[in-house]
Amino acid sequence: MTNEIADRLARTALDLEARRQALKAQFYDRFKTAVSAKTAARFLQVDNQILLILDLQIASSLPIIQ
């Protein structure tokens, strides 16, 4: 693995995480207009927990960069 490839992979991962956060914020705002802020926050909390579980499963199957 070269430094250039490692940098590209890291930047791609950071970009995907930023896009995910922006999407979560967008949907939180949409849900908050349809339901109460408390219900929207609860949905965000559960969604975050599910995404963390998925991220852990994906991360555990990936090799460590050497």
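Values in this document were obtained by computation on a predicted structure and should not be read as measured data. Along the sequence shown, residues are numbered consecutively beginning with 1.
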Not counting sequence neighbours, list each pair that qualifies as a salt bridge (Lys or Arg N to Asp or Glu O under 4.0 Å) and has a residue in residues 25-34.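 Of all non-adjacent pairs touching residues 25-34, none passes salt bridge (Lys or Arg N to Asp or Glu O under 4.0 Å).
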Do any pairs count as a salt bridge (Lys or Arg N to Asp or Glu O under 4.0 Å) and have a residue in residues 43-65, sequence neighbours left out, and if so which ones?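 Output for this query lists Arg20-Asp55.
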What pairs of residues pass the ring-ring contact (aromatic ring centres under 6.0 Å, His included) test when at least one of them lies in residues 20-41, not counting sequence neighbours?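 Of all non-adjacent pairs touching residues 20-41, those that pass ring-ring contact (aromatic ring centres under 6.0 Å, His included) are Phe31-Phe43.
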Sequence-distant partners of Arg11, side-chain hydrogen bond (donor to acceptor under 3.5 Å, both in side chains), two or more places apart: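 Asp7.
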Show me the pairs that pass side-chain hydrogen bond (donor to acceptor under 3.5 Å, both in side chains) and involve residues 56-66, at least two apart or across chains.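 Qualifying pairs, neighbours excluded: none.
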How does the hydrophobic cluster around Leu9 look, that is, which other residues are in it when side-chain heavy atoms under 4.5 Å mark a link?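 Its cluster mates, by chain and number, are Met1, Ile5, Ile65.
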To the nearest 0.5 angstrom, please state how far the CD atom of Glu17 sits from the CD atom of Gln21.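 CD of Gln21 is found 5.0 Å from CD of Glu17.
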Roughly how far, to the nearest 0.5 Å, is CG of Asn48 from CD1 of Ile53?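 CG of Asn48 is found 10.0 Å from CD1 of Ile53.
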